[in-house]
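Input: one structure, supplied below.
All residue numbers in this chain count up from 1 along the given sequence.
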Amino acid sequence: QVQLVESGGGSVQAGGSLRLSCVASGRPFRRLNMGWFRQAPEKEREFVAARSWGTGLTTYAESVKGRFTISREIGKNTVYLQMNSLKPEDTAVYYCAAGTKSPAGDSPRDFDFWGQGTQVTVSS
């Protein structure tokens, strides 16, 4: 089992920045694919970004490329999502996810463990 705890959500104006954090425990962090997904009201959960443990490859949804960056800090068992130039359409609950199949995919089915989510609200 892997436990994931997110933090860092909040409310910002369009153009602002936020950094989400997700602390993982329960399995060796080095061997986990880590991902971020988001879900807006009445919409399906969608892929945002992921990092594969085997290759170190990072992938992003087209809608966030150039604005969001996923990174990890092994010593703290933490993955981050730096979000810049935020837009109102980025408003959603953001979920941290972990999986063991490499490379990391972009579907929720590719991840086995989930955090509780953190709200991000971007106002215009």
Side-chain angles (χ1 to χ4, degrees):
Q1 283 290 345
V2 175
Q3 292 76 45
L4 302 171
V5 179
E6 302 106 330
S7 61
S11 298
V12 295
Q13 290 191 327
S17 298
L18 283 174
R19 188 177 76 161
L20 306 183
S21 301
C22 172
V23 179
S25 60
R27 282 200 185 183
F29 186 65
R30 289 178 182 272
R31 291 184 172 269
L32 289 174
N33 299 324
M34 300 301 298
W36 289 96
F37 288 76
R38 66 187 182 187
Q39 188 166 17
E42 301 183 355
K43 291 190 176 181
E44 292 187 355
R45 191 168 297 191
E46 66 173 2
F47 172 75
V48 175
R51 187 186 189 286
S52 297
W53 72 264
T55 62
L57 179 68
T58 56
T59 54
Y60 297 91
E62 285 296 325
S63 59
V64 306
K65 275 184 180 178
R67 300 188 298 122
F68 291 12
T69 303
I70 185 171
S71 62
R72 70 173 186 176
E73 189 168 356
I74 293 176
K76 294 186 176 181
N77 285 0
T78 300
V79 64
Y80 302 99
L81 185 68
Q82 178 67 44
M83 304 186 295
N84 298 328
S85 301
L86 282 161
K87 304 175 181 180
E89 50 263 45
D90 294 319
T91 296
V93 176
Y94 283 70
Y95 295 91
C96 177
T100 57
K101 182 178 67 175
S102 189
D106 58 5
S107 167
R109 295 187 300 272
D110 296 321
F111 293 83
D112 306 303
F113 308 101
W114 294 85
Q116 81 287 353
T118 185
Q119 177 70 46
V120 171
T121 303
V122 184
S123 58
S124 57

Hey, what do you get for OG (Ser124) to CD (Gln13), rounding to the nearest 0.5 Å? 9.0 Å

Smallest separation among heavy atoms of Leu4 and Ala24, with atom names: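 Scanning both residues, the minimum pair turns out to be CD2-CB, 3.6 Å.
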
Quick check: closest heavy atoms across Thr100 and Arg27, and the distance to 0.1 Å?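 For Thr100 versus Arg27, the nearest heavy atoms are CG2-NH1, 3.2 Å.
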
Test item: Asn33 side-chain N/O and Trp53 main-chain N/O as donor-acceptor pair under 3.5 Å: yes

Is it true that atom CD of Gln116 has more than 12 heavy atoms of other residues, nucleotides or ligands lying nearer than 6.0 Å? yes

Evaluate the side-chain proximity of Val120 to Leu20: yes if any heavy-atom separation is below 4.5 Å, no if none is. yes

Cluster check Tyr60, Val79: I/L/V/M/F/W/Y, side chain < 4.5 angstrom: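 Tyr60 clusters together with Val79.
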
What verdict does the side-chain contact (heavy atoms from CB on, under 4.5 Å) test give for Met83 and Val64, after you've listed the backbone C-alpha separation in whole Å, the side-chain angles of each residue and the deciding distance to 0.1 Å? CA-CA 8 Å; Met83 304 186 295; Val64 306; over 6 Å; no

Common cluster, Phe113/Trp36, ILVMFWY with side-chain heavy-atom separation under 4.5 Å: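 Phe113 clusters together with Trp36.
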
Nearest-0.5 Å distance that lies between atom CZ in Arg51 and atom CG in Leu32: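 Between atom CZ of Arg51 and atom CG of Leu32 there are 11.5 Å.
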
For Phe37, what are the other residues in its hydrophobic cluster, where any two members join if their side-chain heavy atoms are less than 4.5 angstrom apart?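 In the cluster with Phe37 are Phe47, Val93, Tyr95, Phe111, Trp114.
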
Exercise: identify the closest heavy-atom pair between Arg38 and Ala92: CB-CB, 3.8 Å

Mind checking whether Thr118 and Tyr94 have side chains closer than 4.5 Å, heavy atoms only?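 Yes - at least one pair of side-chain heavy atoms lies under 4.5 Å apart.
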
Identify all side-chain donor-acceptor contacts of residues 71-78 below 3.5 Å with residues at least two apart in sequence or on another chain.
from, atom 1, to, atom 2, distance (Å)
Glu73, OE1, Tyr80, OH, 2.8
Thr78, OG1, Lys76, O, 2.7

Considering residues at least two apart in sequence or located in another chain, which fulfil the ring-ring contact (aromatic ring centres under 6.0 Å, His included) criterion with Phe29? none

Do the side chain of Thr121 and the main chain of Thr91 share a donor and acceptor less than 3.5 angstrom apart?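 Here the side-chain-to-backbone pair does not exist.
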
Residue pair Leu18 / Leu86: nearest heavy atoms and the distance that separates them: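 What the structure gives for the nearest pair is N-CD1, 3.8 Å.
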
Could you report the tightest heavy-atom contact between Asn84 and Ser17, atom names first, then the distance?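 The answer is OD1-OG, 2.9 Å.
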
Do the side chain of Glu6 and the main chain of Cys22 share a donor and acceptor less than 3.5 angstrom apart? no

List the atom of Ser123, the atom of Pro88, and the distance in Å for their closest heavy-atom pair.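 Closest pair (atom of Ser123, atom of Pro88, distance): C-CG, 4.5 Å.
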
